[in-house]
Amino acid sequence: MRGDNQGETLILIVALYLEPKTCEGLLLAARRVLTWYHARVPRQPLAAMTGEDVLALVEHLLAASSNNSTRSAVTSYLRAFLQFLQWSDRSSRNLARFVPHVPSYRLAHLPLRLAWEDVRRAIDTIETATPLGLRDHAIMLLLATTGLRNKELRSLELQDIHWREASVLVRRTKAKRDRVVPLLHEAGEALADYVLYGRPKSDSQRVFLVHGAPVRPINGSSTISRIVRSVLERSGIVLPFAAGAHLVRHSLATQLVAQRRPINEIADLLGHRSIDTTAIYVKVAVRQLADVAMPFPGGAS
């Protein structure tokens, strides 16, 4: 069977059982494997893949990964793809055993974040005289005050905004449950301005839309990432790394910790299932850690 047909079969199978983000990772890994393999050994079927090929593929994929978390995900997806080849009788070998396990330790790295003054300056420099400016201003303020994830922001519908209660209902979050986040006054004003004066006419109930023809909901995560990055760069912030909704989310969480807000309150706002997930932001609160640090036993009294 040709490689592209095998990739399509994998698409159909994983789409039935897995979360969309997991599907995206598996499909991207499958495409990378097929592209690399057919470039390495043109016209060879996948059944001819050897352990030597897998080791060379692993070396290629890991060289393109920037950190242990990414490497761990890449090898996991690759292992799943190779297991699929054996399960579907496209390979008679257990090639997955040649893929090493890359450890990824929780809380091992500090989250990428911006100084809160930079986030605030970027929001203040958004030009709100145009419909796009009104949209981007509302997006940035919602991200900066609620810590919404990219998908959560894109999924917001008009009925989820509870104006009188000054709150926003976030449906089916990463934790598989709904949650309510506060709609602060400034963010509420920006959102109202967009809905009333900037949002194009549309039958869609989604709050944020693509303004170019055809007008439609923002479905791709990359669109939100481009908006965030563009706003930050226009304010003069240098971004040597990928920037998106999560960068603003991390910056908000760090700012809340610096304000000594209760950790369980921050966890509820961000929609963390476990407070341990929120604990990573405590690592960047140097001032608070200094307050609770025990004196070194051998030091001066």
Describe, in one word, how the ring planes of H246 and H250 are oriented to each other, choosing from parallel (under 30°), tilted (30 to 60°) and perpendicular (over 60°).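 Perpendicular: the ring planes of H246 and H250 meet at over 60°.
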Quick one about R206 and N219 (side-chain donor to acceptor, distance below 3.5 Å, no hydrogens or angles considered), yes or no?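 Their side chains do contain a donor-acceptor pair, which is all the 3.5 Å distance test asks for.
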Looking only at the side chains, is there a donor atom on one of R229 and S225 sitting less than 3.5 Å from an acceptor on the other?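 Looking only at side-chain atoms, S225 and R229 do not form any donor-acceptor pair under 3.5 Å.
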Backbone N/O of E157 and side chain of D160: donor-acceptor pair under 3.5 Å: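 Judged by distance alone, yes, a pair lies under 3.5 Å.
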Would you list the pairs meeting side chain to side chain donor-acceptor pair (under 3.5 Å) in which at least one residue belongs to residues 189-200, sequence neighbours left out?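 Only H185-E189, Y194-H211 qualify under side chain to side chain donor-acceptor pair (under 3.5 Å).
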For a 4.5 angstrom cut-off between non-hydrogen side-chain atoms, does V181 reach T145?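 The answer is no, as the side chains (C-beta and beyond) never meet within the 4.5 Å cut-off.
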Spatial distance of atom [atom1] ([X]) from atom [atom2] ([Y]) [nearest 0.5 Å]:
X    : Y    : atom1 : atom2 : result
R171 : S155 : CZ    : OG    : 10.5 Å
L232 : L114 : CG    : CG    : 6.0 Å
E186 : L141 : CD    : CG    : 4.5 Å

Is it possible for you to say whether [X] and [Y] belong to one hydrophobic cluster, with membership spreading through side-chain heavy-atom contacts below 4.5 Å?
X    : Y    : answer
Y37  : L28  : no
L132 : V210 : no
V180 : I161 : no
V74  : F98  : yes
M140 : W116 : yes

Looking at Q159, I want to see if its CD is surrounded by more than 12 non-hydrogen atoms of other residues, nucleotides or ligands under 6.0 Å.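 It does: Q159 CD has more than 12 such atoms within range.
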